[in-house]
Amino acid sequence: MADSAETRKLVYLVTGGCGFLGEHVVRMLLQREPRLYELRVFDLHLGPWLEELKTGPVQVTAIQGDVTQAHEVAAAVAGAHVVIHTAGLVDVFGRASPETIYEVNVQGTKNVIEACVQTGTRFLVYTSSMEVVGPNIKGHPFYRGNEDTPYEAIHRHPYPCSKAQAERLVLEANGRKVHGGLSLVTCALRPTGIYGEGHQIMRDFYHQGLRLGGRLFRAIPASVEHSRVYVGNVAWMHVLVAQELEQRAALMGGQVYFCYDESPYKSYEDFNMEFLGPCGLRLVDTRLLVPYWLLMLLATLNALLQWLLRPLLLYAPLLNPYTLAVANTTFTVSTDKAQRHFGYKPLFSWEDSRTRTIRWVQAVEGSAP
Ligand SMILES: NC(=O)c1ccc[n+]([C@@H]2O[C@H](COP(=O)([O-])OP(=O)(O)OC[C@H]3O[C@@H](n4cnc5c(N)ncnc54)[C@H](O)[C@@H]3O)[C@@H](O)[C@H]2O)c1
Ligand SMILES: CC(C)CCC[C@@H](C)[C@H]1CC[C@H]2[C@@H]3[C@H](O)C=C4C[C@@H](O)CC[C@]4(C)[C@H]3CC[C@]12C
């Protein structure tokens with residue numbers, strides 16, 4: 001499309017635009033939304049990489065702000081056509097208090113919705129999570145499920161509870177009258193575990209493997225499968241939804257979509273080895289040596305230590321009863337809803353996604369943990 005001032009007229013706001021997913025959404029919008037005039041990137045912590053984006057044809061506005069502060073959100077939203085709300089506190093390790101998780105994920109989302117209503121912004125895309133569905137506290141498997149698969153979605157952990165509450169608020173807001181009299185159109189995307197360039201947990205596993213002499217020890221049976229999705233495809237899905245929401249408001253408004261691509265179903269650890277293996281790590285099978293009850297004991301001990309040490313220091317290891325339960329429960333998605341509703345096809349093949357991620361891990365090599 002021609003790059004003229006007439007074609008560029010849309011203003012987008014990406015909250016959490018400097019996070020792992022947010023950065024990919026920002027870059028994808030710049031590459032794939034030719035109608036973009038201004039891109040507002042709102043985050044608690046702004047990344048230095050934003051500077052390099054300011055020299056292109058799109059006006060990139062960096063806004064340091066906090067989604068829990070209604071006035072800051074309203075000022076950022078005013079005049080935007082579309083809001084992509086990815087900001088959130090992703091914490092399943094006990095780093096933040098439950099109150100803080102609710103404040104950011106639920107109150108922050110309320111603030112975004114109210115800002116849209118007050119200022120007349122009509123299109124809101126929310127980054128939800130597979131965890132809104134499961135795995136549930138009973139550890140029921142979700143096998144090749146889609147958006148309509150019945151599943152008992154019961155949670156206790158603050159992160160999935162907060163994401164579920166926020167998603168409900170976003171979906172209930174669909175159809176609300178915004179300033180100016182038109183209707184708000186909302187929808188929610190539910191990524192499974194995202195991987196790709198910038199994935200902190202992958203980086204942590206890599207450094208842990210290096211510390212252990214190039215080995216990682218299998219903790220979870222290979223038969224427990226997870227769906228994973230490449231960050232570039234999740235970003236592409238956000239961009240596509242945002243583009244199609246106006247034309248297909250009746251179909252897409254108030255809907256949820258799992259984020260999916262061609263990444264293979266594998267156990268969490270085997271999937272990570274697709275990238276860490278080519279970077280020199282190997283996964284040692286210790287299934288017979290570490291039974292599940294012992295892992296659970298270690299996880300519970302970690303939780304106890306976290307509680308005991310809290311007044312002195314933050315002890316937040318990867319293994320706790322919640323992460324063990326998630327890692328140890330099959331959760332796989334098989335759906336084509338996004339393709340049927342808005343023509344989504346993954347932009348990156350599995351091979352591309354794998355290669356890009358391996359290159360990134362290789363570049364991480366030698367960098368500080
Ligand atoms: N990483 C995954 O596997 C995954 C899977 C499913 C859903 N999600 C969802 O995707 C979204 C992005 O996750 P991510 O993995 O990129 O996490 P991230 O932590 O890398 O990014 C979140 C961003 O939100 C910002 N943020 C946090 N609190 C804020 C506040 N009060 N005000 C403004 N900005 C704030 C952070 O600074 C960060 O840049 C989240 O909503 C998360 O729930 C992530
Ligand atoms: C038993 C240990 C050795 C392994 C622990 C792995 C654990 C840290 C991993 C396993 C599954 C991971 C979660 C899963 O991929 C999906 C999501 C959804 C998303 O909204 C936030 C991240 C999260 C919870 C992953 C966190 C890390 C988990 C629990």
Side-chain angles (χ1 to χ4, degrees), residues 14-26 41-47 63-69 72-73 76 84-93 95-96 100-101 103-109 111-112 125-135 155 157 159-160 162-164 166-167 170 188-196 198-202 204-205 208 216-221 224 226-231 234-235 238 258-259 267-269 271-272 283 286 290 292 295-296 298-299 302 316-331 333:
V14 181
T15 70
C18 292
F20 166 44
L21 172 61
E23 177 175 347
H24 285 266
V25 172
V26 163
V41 183
F42 182 98
D43 205 297
L44 205 49
H45 308 287
L46 296 176
I63 308 170
Q64 195 274 322
D66 184 343
V67 288
T68 69
Q69 302 303 309
E72 293 182 11
V73 178
I84 300 182
H85 177 39
T86 77
L89 204 44
V90 187
D91 183 18
V92 291
F93 306 111
R95 292 184 187 129
T100 309
I101 293 175
E103 193 60 19
V104 176
N105 293 354
V106 182
Q107 186 58 47
T109 302
N111 291 342
V112 170
V125 180
Y126 173 61
T127 314
S128 181
S129 167
M130 74 177 215
E131 291 211 44
V132 161
V133 180
H155 307 289
H157 194 279
Y159 174 72
S162 69
K163 293 300 285 186
E167 184 191 90
V170 168
L189 296 182
R190 293 173 173 169
T192 56
I194 308 173
Y195 70 93
H199 186 210
Q200 183 58 43
I201 302 177
M202 184 82 75
D204 293 346
F205 273 108
Q208 190 177 331
L216 284 168
F217 296 92
R218 185 191 295 282
I220 303 297
V224 178
H226 283 232
S227 277
R228 303 285 291 273
V229 60
Y230 177 60
V231 67
V234 180
H238 280 72
F258 276 121
C259 297
S267 77
Y268 191 78
E269 290 163 313
F271 191 82
N272 287 352
L283 186 64
T286 57
V290 189
Y292 186 73
L295 276 176
M296 193 38 131
L298 288 173
N302 274 342
L318 288 181
L319 181 67
N320 65 45
Y322 180 74
T323 57
L324 179 59
V326 176
N328 198 45
T329 307
T330 287
F331 197 97
V333 166

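Whatever order the structure lists ligands and atoms in, that order sets their numbers, starting from 1. Below, each value reflects all heavy atoms present in this structure, side chains not excepted, and no hydrogens, waters or symmetry copies.
Not a single salt bridge (Lys or Arg N to Asp or Glu O under 4.0 Å) links Glu131 to another residue, sequence neighbours left out.
Proximity of Tyr322 to ligand 2, defined as any heavy-atom pair under 4.0 Å, is not found for any part of the residue. Contact annotation for Ile194 and ligand 2: no heavy atom of the residue comes within less than 4.0 Å of the ligand. Residue contacts with ligand 1 for Thr192 involve N, CA, C or O but no side-chain atom from C-beta outward (heavy atoms, distance under 4.0 Å). With a 4.0 Å cut-off on non-hydrogen atoms, Arg228 does not touch ligand 2 at all. Contacts between Lys163 and ligand 1, counted as non-hydrogen atom pairs separated by less than 4.0 Å, involve the side chain only.
Using the six-membered ring where Trp is involved, Phe20 and His199 have ring planes that are parallel, under 30° apart on the 30 and 60° scheme.
For ligand 1, the atoms lying closer than 4.0 Å to a non-hydrogen atom of Thr127 are 9 (C), 10 (O), 11 (C), 41 (O). Counting the atoms of ligand 2 from 1 in the order shown, those under 4.0 Å from a heavy atom of Ile201 are 26 (C), 27 (C). If you number the atoms of ligand 2 from 1 as listed, the ones under 4.0 Å from a heavy atom of Gly193 come out as 15 (O), 16 (C). Close approach of ligand 1 to Gly88 (heavy-atom distance below 4.0 Å) involves ligand atoms 22 (C), 24 (O), 27 (C). The Val90 neighbourhood of ligand 1 comprises atoms 13 (O), 17 (O), 40 (C), 42 (C), 43 (O), with distances under 4.0 Å to a heavy atom of that residue. Taking every heavy atom of Met130 and a limit of under 4.0 angstrom, the matching atoms of ligand 2 come to 16 (C). Atoms of ligand 2 lying under 4.0 Å from at least one heavy atom of Val90, given by number and element, are 21 (C). Residue Ser129 has at least one heavy-atom neighbour below 4.0 Å for each of these atoms of ligand 2: 18 (C), 19 (C), 20 (O). Taking a cut-off of under 4.0 Å to the non-hydrogen atoms of Gly65, the atoms of ligand 1 that pass are 32 (N), 33 (C).
When hydrogens are left out, the protein atom nearest atom 3 (C) of ligand 2 is Ala219 CB, 3.9 Å; that is the closest non-hydrogen contact. At the top of the distance list for atom 31 (N) of ligand 1, counting protein heavy atoms only, stands Asp66 OD1, 2.8 Å. For atom 43 (O) of ligand 1, the closest heavy atom belonging to the protein is Tyr159 OH, 2.7 Å. When only non-hydrogen protein atoms are considered, atom 18 (C) of ligand 2 lies nearest to Glu131 OE2, 3.3 Å. Protein heavy atom nearest atom 7 (C) of ligand 2, with residue, atom name and distance: Thr323 CB, 4.1 Å. Closest to atom 13 (C) of ligand 2 among all protein heavy atoms lies Val326 CG1, 4.1 Å. Looking only at protein heavy atoms, the nearest one to atom 2 (C) of ligand 2 is Leu319 CD1, 4.1 Å. For atom 3 (O) of ligand 1, the nearest non-hydrogen atom of the protein is Ile194 N, 3.0 Å.
Residue Pro191 has no nitrogen or oxygen atom sitting less than 3.5 Å from a nitrogen or oxygen atom of ligand 1, judged on distance alone. Any N or O atom pair closer than 3.5 Å counts here, and Ser129 shares no such pair with ligand 1. Remark: ligand 1 and Thr68 share no N or O pair separated by less than 3.5 Å (distance only, no angle test). Where the criterion is an N or O separation shorter than 3.5 Å, residue side chain and backbone included, Glu269 fails it with respect to ligand 2. Considering both main-chain and side-chain atoms, Met130 never comes within under 3.5 Å of ligand 1 through any nitrogen or oxygen pair.
Inspection of the Thr192 and His226 side chains reveals no N or O donor paired with an N or O acceptor under 3.5 Å. With no hydrogens or angles considered, a side-chain donor-acceptor pair links Gln107 and Asn111 at under 3.5 Å.
Across the listed options Ser128, Gly22, Gly108, Ala76, Ser128 owns the non-hydrogen atom lying nearest to atom 9 (C) of ligand 1. Comparing heavy-atom distances from atom 9 (C) of ligand 2 across Tyr268, Tyr159, Tyr195 singles out Tyr268 as nearest.
For Tyr159 and Tyr322, the gap between ring centers reaches or exceeds 6.0 Å.
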